[in-house]
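Every value quoted in this text rests on a predicted model; they were computed, and no experiment measured them. Values reported hereafter were calculated over all heavy atoms of this structure, with side chains retained and with hydrogens, waters and symmetry mates removed.
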Amino acid sequence: MATWNNLDTLASYAKLKELKNRVNVKEVMAGENGAERVARYTTPMAEGLSFNYAAKEVDDTIIAALAELAEEHQLVEKYEELLNGAVINTGEKRLVLHQLARKQQLNDVIHNGVNKREFYVSQQEKAAAFANKVHAGEITNAAGETFTTVVQIGIGGSDLGPRALYIALENWAKRNNTLKMDAKFISNVDPDDASAILNSIDVSRSLFIVVSKSGTTLETLTNEAFVKDALKKAGLDPKNHMVAVTSETSPLAQGDDYLEAVFMDDFIGGRFSSSSAVGGVVLSLAFGPEVFARILNGAAAEDTLALNKDITKNPDMLDALIGVYERNVQGYPCTAVLPYSQALSRFPAHLQQCDMESNGKQVNKFGERVNYVTGPIIFGEPGTNGQHSFYQLLHQGTDIVPLQFIGYKESQIGNDVVIEGSTSQKKLCANVVAQIIAFACGKDDEDPNKTFDGGRPSSIIIGNDLNPESLGALLAHFENKIMFQGFVWNVNSFDQEGVQLGKLLAKRVLAHETDGALKALSDLFEI
């Protein structure tokens, strides 16, 4: 059984700290040495992806030290315990089973007499059956017309992950003739969000998925009421247009207000829930259940690689440990996620939540304050847009920000145009290659304003193209990276108490139970 200790109690961490500033990226990436590093410092991922870390501030000595840390900290053993149903979420005394939703597991997990694998499979089958009936015209609106649009109503993990995955595959699905329904998303309690979506669709031919595990999420229930009001004003019966994704015990699961209710449970946190019914219902309706299954298969294949104790063959753990070295030894507070794929335009936003909500903690699993920094600030934007936005600071600012690029050899559209001797996709790939070297090697100039110091570390995940399997593998890679980093920092990556205080105060404001500054600020808005 694995032992859970703080990072700063480990002998391997003390050894790792002695290796601060050991590698100069500018020096090792220059000339023929750089070519050798690019070839050697790469690790295969699932579904044709690869993780290349040649431009990171590591060498064989640091990698060996990270391997010692992984072994002393029993990272793979902790992952195995999670897969076998240990109570990893200590704050809420819960199992952590999002990998099980994609069928990757060492053994069946039985909890209170329920086989959780069978439960998740049954809900996937229910979602698939419902989607197939909608696509076949067996479930229609009151006028007998087929549904053409699906709208997900949810916030946080009920929105960010499924939205990112839908956008990632929308063009792929159009090219492959598997786009069954357009998908839209309502998340913000700001009425302008819901209104904009409702004004852009034919509500009479739209299905609305209400996603809330507890069935009590304020923003989601408010938006549900907003949508129901719009349906009634259009002369439509809301229950003929609504689907619930919730827990079996929530208020949403009671009564006959929904065409179908598909269930989730407390063992899959919102930010990890894209593999569950939270992503499964909307993506099965949008693309077909077969495409959603392919996403899960890609994720499961990556989950398997995460069990390898050799960190050079475990891309998720290796990426995590290099990130720990950057955060806790090199002292970098941020990480930028930079996908050179417009299809991944919302992927950085999803990772912001997944990473920062998981590892933005200051106490360990036992509620004791830690004496070291934990999760980094995550931000990002697709390339090449980011190059004309915040790359100025990344190149010449006073802070060094580690970079995580993602790129693909082929585009999703299939038909590209040759302009000035190369296609748009080749130009995109040329830009990401150039940025890696520009950040690493910099440029000397007599004009200080045009001098680039270089020495800015980066890694890149490279694939042939973005498809359901490679998207699933990419999703699992980052989920597993976050999990391993939480293990290293000895924090509970699977609760989110930090989001609760604001919710409680907002309820006080709406109930007019305020005083002091809270009342004064409320009065400014005339609440």
Side-chain angles (χ1 to χ4, degrees), residues 25-45 47-57 167-168 171-172 175 315 319 335-348 379-397 400-445 450-467 470-471 474 477:
V25 170
K26 186 172 184 177
E27 292 177 359
V28 299
M29 287 296 288
E32 290 302 315
N33 289 335
E36 189 270 338
R37 276 181 70 91
V38 171
R40 194 158 68 89
Y41 283 146
T42 188
T43 297
M45 295 170 58
E47 305 301 343
L49 299 173
S50 63
F51 172 61
N52 188 288
Y53 54 102
K56 286 292 191 180
E57 294 175 310
I167 293 171
N171 278 331
W172 175 90
R175 180 188 174 192
D319 193 3
T335 297
V337 179
L338 309 169
Y340 275 62
S341 167
Q342 186 61 28
L344 293 176
S345 60
R346 290 298 290 169
F347 203 68
F379 68 96
E381 188 74 13
T384 57
N385 297 32
Q387 292 176 202
H388 296 267
S389 176
F390 52 80
Y391 276 37
Q392 168 62 44
L393 183 147
L394 300 183
H395 276 293
Q396 292 183 309
I400 292 179
V401 178
L403 315 167
Q404 192 139 37
F405 293 101
I406 304 168
Y408 299 92
K409 299 173 189 176
E410 304 293 339
S411 69
Q412 290 183 320
I413 63 170
N415 300 316
D416 204 346
V417 179
V418 176
I419 302 172
E420 296 182 359
S422 62
T423 64
S424 299
Q425 185 66 22
K426 294 300 182 187
K427 289 178 174 65
L428 181 69
C429 294
N431 269 276
V432 70
V433 167
Q435 289 296 329
I436 292 170
I437 297 304
F439 279 118
C441 299
K443 180 180 76 74
D444 296 326
D445 197 286
K450 297 181 179 180
T451 295
F452 292 72
D453 291 339
R456 314 277 166 141
S458 69
S459 63
I460 183 166
I461 293 173
I462 304 173
N464 187 66
D465 64 324
L466 181 56
N467 57 54
S470 65
L471 178 62
L474 187 71
H477 171 82

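Taking 4.5 Å as the limit, every side-chain heavy atom of Q425 sits out of range of all side-chain heavy atoms of K409. Taking the side chain as every heavy atom from C-beta outward, T335 and L403 never approach each other to under 4.5 Å. Contact check for S411 versus S424: no side-chain heavy atoms found under the 4.5 Å cut-off. Counting heavy atoms from C-beta outward, P382 and S345 have side chains that approach closer than 4.5 Å. Contact annotation: the side chain of F51 approaches that of S459 to within less than 4.5 Å [non-hydrogen atoms, C-beta and beyond]. Here the side chains of Y53 and D319 are not in contact, with every heavy-atom distance at 4.5 Å or above. Between L49 and Y408 the shortest side-chain heavy-atom distance falls below 4.5 Å.
The two residues I400 and P402 make their nearest non-hydrogen contact at O-CD, 3.7 Å. Contact detail for S470 and D465: the closest heavy-atom pair is OG-O, 3.0 Å. Between T451 and Q396, the closest heavy-atom pair is O-NE2, 2.9 Å. The minimum heavy-atom distance linking H477 with P315 is given by the pair CE1-O, 3.4 Å.
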Candidate pair L474 and F347, rule side-chain contact (heavy atoms from CB on, under 4.5 Å), full reasoning: CA-CA 10 Å; L474 187 71; F347 203 68; 3.8 Å; yes
Check against ring pair (Phe, Tyr, Trp, His ring centres under 6.0 Å), Y391 and F439: CA-CA 10 Å; Y391 276 37; F439 279 118; 5.7 Å; yes
Working for side-chain contact (heavy atoms from CB on, under 4.5 Å), residues M29 and I437: CA-CA 8 Å; M29 287 296 288; I437 297 304; 3.9 Å; yes
CA sep, side-chain torsions, deciding dist, call: Y340, Q387, side-chain contact (heavy atoms from CB on, under 4.5 Å): CA-CA 11 Å; Y340 275 62; Q387 292 176 202; 2.6 Å; yes
Check against side-chain contact (heavy atoms from CB on, under 4.5 Å), V28 and N33: CA-CA 6 Å; V28 299; N33 289 335; 5.8 Å; no
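F390 CZ to E381 CD: the interatomic distance, rounded to the nearest 0.5 Å, is 6.0 Å. Note that OG1 of T384 and CD of Q342 are 9.0 Å apart. Values are rounded to the nearest 0.5 Å. Atom OG1 of T43 is separated from atom CD1 of I461 by 11.0 Å, given to the nearest 0.5 angstrom. Expressed to the nearest 0.5 Å, how far SG of C429 lies from CD of E410 amounts to 8.0 Å. Atom CG of N52 sits about 7.0 Å away from atom CD1 of I436, to the nearest 0.5 Å.
No side-chain donor from either of N467 and E47 sits under 3.5 Å from a side-chain acceptor of the other.
Side chain of K427 to main chain of S422: a donor-acceptor pair is present (N/O by atom type, distance under 3.5 Å, no hydrogens or angles). Judged by distance alone, the side chain of Q404 and the main-chain N or O of I460 form no donor-acceptor pair under 3.5 Å. Using a distance-only test at 3.5 Å, with no hydrogens or angles considered, a donor-acceptor pair links the side chain of K443 to the main chain of K450. Using modelled atom types, no side-chain atom of D416 and backbone atom of T423 make a donor-acceptor pair closer than 3.5 Å. Between the side chain of R37 and the main chain of A54, a donor-acceptor pair closer than 3.5 Å is present. No donor-acceptor pair under 3.5 Å is formed between the side chain of R456 and the backbone N or O of V401. With Q412 contributing its side chain and L466 its backbone, the two residues share a donor-acceptor pair below 3.5 Å.
A salt bridge links D444 with K26; the closest basic N to acidic carboxylate O contact falls under 4.0 Å.
Annotation: salt bridge (Lys or Arg N to Asp or Glu O under 4.0 Å) contacts of E27 (sequence neighbours excluded): none.
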